[in-house]
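We name chains A, B, ... by the order of the sequence lines, and we start the count at 1 in each one.
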Number of protein chains: 2
Amino acid sequence: MERGRGALGPALELVHTGRAPTRAVLTSELGVTRATAGAVAAELEALGLIQVDARPGAPAGSQGRPSHRLSVAPDGPVVLAAQIHADGFRAALVGLGGRMVATAPGCMTVPSDPSHIIDAVVEAGAGLLRETGRRCLGAGLAVPSAVAEPEGTALNPLHLSWPAGAPVRTLFTEALAKAGVPGLGSATAVGVTGNDVNLAALAEHRHGAGRGAQHLLCVATGHRGVGGALVLDGKLHSGSSGLALEVGHLTVNPAGLPCHCGSRGCLDVEADPLAFLTAAGREPGPEGSLLQQSRELLRSEYGDPSVRAAAELLIDRLGLGLAGLVNILNPDRVILGGLHRELLDADPERLRAVVADRSLWGRSGSVPILPCGLDHNSLIGAAEAAWQPVLDDPLAVLG
Amino acid sequence: MERGRGALGPALELVHTGRAPTRAVLTSELGVTRATAGAVAAELEALGLIQVDARPGAPAGSQGRPSHRLSVAPDGPVVLAAQIHADGFRAALVGLGGRMVATAPGCMTVPSDPSHIIDAVVEAGAGLLRETGRRCLGAGLAVPSAVAEPEGTALNPLHLSWPAGAPVRTLFTEALAKAGVPGLGSATAVGVTGNDVNLAALAEHRHGAGRGAQHLLCVATGHRGVGGALVLDGKLHSGSSGLALEVGHLTVNPAGLPCHCGSRGCLDVEADPLAFLTAAGREPGPEGSLLQQSRELLRSEYGDPSVRAAAELLIDRLGLGLAGLVNILNPDRVILGGLHRELLDADPERLRAVVADRSLWGRSGSVPILPCGLDHNSLIGAAEAAWQPVLDDPLAVLG
DNA sequence: TGACTTTGTGCCGACGCTAAACAAAATAAG
DNA sequence: CTTATTTTGTTTAGCGTCGGCACAAAGTCA
């Protein structure tokens with residue numbers, strides 16, 4: 001009777017990622033008949049998730065009957081997304097399509113007790129929901145630490161002065177329950193929590209510079225240390241216990257600084273913002289995160305020989321690490337975030353040359369290396385993770 | 001009308017890997033009704049792929065009606081599998097379940113022209129088919145080199161004196177056509193060709209020490225260099241262009257030997273059979289492969305302090321490399337082959353300790369490290385790759 | 001204005017499954 | 001030895017979902 005139940009999830013994902021602007025391409029992307037695609041679109045519209053324009057869209061010189069445009073419902077449900085970083089936190093409501101509907105930055109200093117900041121994050125999010133009156137289908141949180149699966153504990157929140165092993169997922173879920181966030185009573189997506197770089201990679205793959213990539217590698221550095229993430233065939237690969245892509249301990253400078261892991265010259269200590277400031281002969285100042293200070297220095301004083309030399313040194317180290325990763329993972333695209341993105345912008349040719357030189361075959365070494373293309377990609381990624389149950393099976397969530 | 005078409009492939013894979021010994025477990029594994037599972041089994045039996053025992057199997061003290069055992073058809077179709085290695089080649093006919101039906105080792109010295117040995121391999125396989133009169137549904141070849149996708153060219157056949165970039169898949173397919181191997185006229189699986197360690201990993205996952213693993217990492221060394229492979233959720237991860245898991249150039253000894261890749265102390269030159277013989281103060285002899293000589297030395301003279309010291313040195317280097325891979329890939333099982341398997345057998349505790357010590361968290365470092373569990377796993381893996389189209393959709397092949 | 005091209009919808013039938021009743025083959029209990 | 005129980009396997013009926021097809025709609029091109 002009702003047609004197009006099996007394809008409901010894939011269809012929503014296509015509209016969500018902007019790959020199905022019309023019912024016609026939805027038909028071909030799903031590999032179903034026009035009748036089925038039409039029924040799917042109608043069902044998604046009835047669920048309030050997508051919108052079908054009444055008037056046909058721009059013909060653009062093409063022949064045939066113009067198609068009605070499909071887009072994400074602008075007033076549809078949202079998810080609560082949040083991110084904790086070195087300088088505080090940010091909470092937001094995010095709709096389908098990665099659209100930020102409302103946001104509340106919080107510049108609170110991160111306390112040593114993770115439950116305090118998580119409570120504050122959730123309270124900010126609940127406030128946004130009250131203000132906007134939006135329906136909420138899930139919640140996601142990005143933390144700057146590896147998150148062990150399936151427990152959801154933060155294993156190395158090095159620069160947050162948190163205790164190792166903090167049960168962030170439990171704290172987040174409990175805070176959501178305590179705050180009485182409407183719509184999250186029985187939702188599947190309550191309290192999705194993950195590593196910030198992992199979630200950023202997911203967001204970049206869906207809405208940013210990673211669109212269309214089959215095997216996407218992301219590497220980024222924010223405050224201290226280096227994080228990595230891998231998206232395979234649209235799915236985040238976080239390993240069997242959530243600890244994959246801990247790329248910070250690749251050796252990139254055998255005679256380098258000692259690292260807390262017991263080795264020397266790890267990417268973590270040789271290619272993060274602190275390493276850059278040190279290499280440029282600057283003392284980290286008290287104001288702003290190390291990333292902000294590094295970015296400022298790189299952008300405004302790139303003419304200074306010591307700054308330029310420091311940048312080239314970090315590019316060379318980063319390139320060595322990337323080459324190792326490319327040899328192991330053979331991605332078809334690499335995206336850089338944080339300071340690494342700035343370094344790429346500063347001298348893209350140098351970085352690409354180092355990677356190509358150290359890769360085993362020109363083939364894999366010529367992989368495109370791009371800057372990340374989204375603002376707040378960790379936050380959007382947290383939203384993506386929260387949306388996932390809806391994308392998998394809209395009917396199961398919205399029955 | 002006909003029941004159980006969609007589940008035909010998954011059902012065959014369950015019987016193939018021994019995870020569905022009866023129709024009852026087939027029912028629960030597939031998540032379908034008994035009726036559907038029964039129809040699926042009947043269909044597979046009608047296709048000549050599986051066998052349903054006439055007499056019920058061992059009751060084993062259980063209540064209820066005893067179930068009939070499902071097994072792979074012993075006289076069913078086969079695939080042609082072949083492997084080329086440093087000492088020559090081996091061809092075999094392999095049935096479902098990884099059963100070797102007939103085999104023909106060839107100890108020919110590998111010539112510098114790859115087409116000669118590939119022709120010889122195919123001729124040997126065709127001879128086996130003529131002798132046995134079996135129906136052949138596909139063919140697979142394992143080569144000791146990275147194989148670029150989608151071209152199917154061997155990029156680094158270092159110890160075969162082949163030219164880099166030899167089009168092994170084309171050569172294999174053409175040789176199959178020339179030899180007139182019956183049943184391969186229009187088969188989808190004609191000329192599946194891949195890296196030997198990759199295929200070995202696939203075989204270990206299906207029939208060997210990797211059964212049940214979700215994220216399986218395999219590392220092995222045969223003659224020269226070190227190879228790696230990763231099986232994710234039952235599927236081989238070979239990267240976007242077939243070049244993933246080139247693990248040989250992880251740095252494991254910063255002050256070590258120069259490597260052709262331009263770096264020093266790579267796993268490739270620090271943890272292969274030649275490195276072991278050298279560390280033990282032995283000259284490689286003219287007879288037998290370096291793996292055979294190393295294995296002999298390790299097994300018969302482990303009491304000799306220089307041999308033992310060499311083994312421990314290689315274990316430490318291998319452990320360092322494995323720790324790096326574990327940090328990046330976070331597998332839930334690691335399998336070692338070739339000389340690495342011998343080193344593991346020689347001192348399992350030492351290797352596990354090194355890996356655990358260098359892993360970032362005890363959690364990921366305590367990953368089980370096991371010796372490979374199959375003889376001729378690359379050969380069986382080549383057969384698995386050849387079987388894949390049948391496992392994906394039996395009707396499409398046997399229509 | 002009419003032919004053509006492409007998009008969207010309604011109807012029917014077929015395919016592949018579930019559900020449920022029934023049958024079969026063993027063990028356990030009386 | 002008979003009967004109840006448990007688990008497995010089969011048959012039948014029915015239904016949901018999708019493909020095929022015809023038709024309608026809305027534009028371009030000649």
task = Under the side chain to side chain donor-acceptor pair (under 3.5 Å) rule, collect the residues that match up with B:D233, sequence neighbours excluded.
result =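 Per chain and number, B:D233 pairs via side chain to side chain donor-acceptor pair (under 3.5 Å) with B:Q214.
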How close do [X] and [Y] get, counting heavy atoms only, and between which atoms?
X      : Y      : value
A:L47  : A:L395 : CD1-CD2, 4.3 Å
A:A41  : A:I50  : O-CD1, 3.8 Å
B:G381 : B:L202 : O-CD2, 4.3 Å
B:T27  : B:A37  : OG1-CB, 3.2 Å

>> Based on the rotation axes of five pairs at each end, what angle does the helix from C:dT1-D:dA30 to C:dG30-D:dC1 bend through, to 10°?
In response: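 That helix gives 0° between its end axes.
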Measure [atom1]/[X] against [atom2]/[N] and give the value in whole Å, please.
X     : N      : atom1 : atom2 : result
B:L26 : D:dT10 : CG    : C1'   : 15 Å
B:E29 : D:dT8  : CD    : P     : 13 Å
B:R69 : D:dT8  : CZ    : C1'   : 14 Å

Worksheet item: Considering only heavy atoms from C-beta outward, does the side chain of B:V72 approach that of B:L49 to under 4.5 Å?
Response: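 Side-chain contact under 4.5 Å: no.
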Quick one: are A:T36 and A:L30 in side-chain contact, heavy atoms under 4.5 Å?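 In short, these two side chains do not touch, never coming nearer than 4.5 Å.
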Output a table of donor-acceptor pairs, distance under 3.5 Å, between side-chain atoms of residues 14-25 of chain B and any protein atom two or more places apart or on a different chain; print 'none' if there are none.
from  : atom 1 : to     : atom 2 : distance (Å)
B:H16 : ND1    : B:G97  : N      : 2.7
B:H16 : NE2    : B:H207 : NE2    : 3.4
B:H16 : NE2    : B:E384 : OE1    : 2.7
B:H16 : NE2    : B:E384 : OE2    : 3.1
B:T17 : OG1    : B:E13  : O      : 2.8
B:T17 : OG1    : B:L14  : O      : 3.4
B:T17 : OG1    : B:R19  : NE     : 2.9
B:T17 : OG1    : B:R19  : NH2    : 3.4
B:T22 : OG1    : B:A24  : N      : 3.3
B:T22 : OG1    : B:V25  : N      : 3.3

Exercise. Tell me, which of residues 30-52 of chain A have any heavy atom that sits under 4.0 Å from an atom in DNA chain C?
Worked result: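 Only A:R34, A:A35 qualify.
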**Prompt:** Just how far is it from atom CD of B:Q51 to atom NE2 of B:H68, taken to the nearest 0.5 Å?
**Reply:**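 Those atoms lie 13.5 Å apart.
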task = Calculate, to the nearest 0.5 Å, the distance between atoms CD and CZ belonging to B:E204 and B:R333 respectively.
result =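 Result: 10.5 Å between the selected atoms.
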Has the side chain of [X] got a donor or acceptor atom that lies under 3.5 Å from a matching backbone atom of [Y]?
X      : Y      : result
A:H205 : A:L216 : no
A:S240 : B:N330 : yes
B:H215 : B:V231 : no

Pull out every protein N or O sitting under 3.5 Å from an N or O of nucleotides 2-6 of chain D, one pair per line with the distance.
from  : atom 1 : to    : atom 2 : distance (Å)
D:dT6 : O4'    : B:Q63 : OE1    : 3.3

Exercise for the section: Consider the side chain of A:P66, meaning its heavy atoms from C-beta on, and name the nucleotide among D:dG27, D:dG9, C:dG8 that approaches it most closely. Expected result: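 The closest nucleotide is D:dG27.
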Q.
What I want to check is whether an N or O donor and acceptor connect the side chain of A:R3 with the base of C:dT9 at under 3.5 Å.
A.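 Looking at the base of C:dT9, it does not pair with any donor or acceptor on the side chain of A:R3 (distance under 3.5 Å).
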Margin query: If you take any heavy atom closer than 4.0 Å to DNA chain D, which residues from residues 15-25 of chain A end up in contact?
Written below: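 Close to the strand, none.
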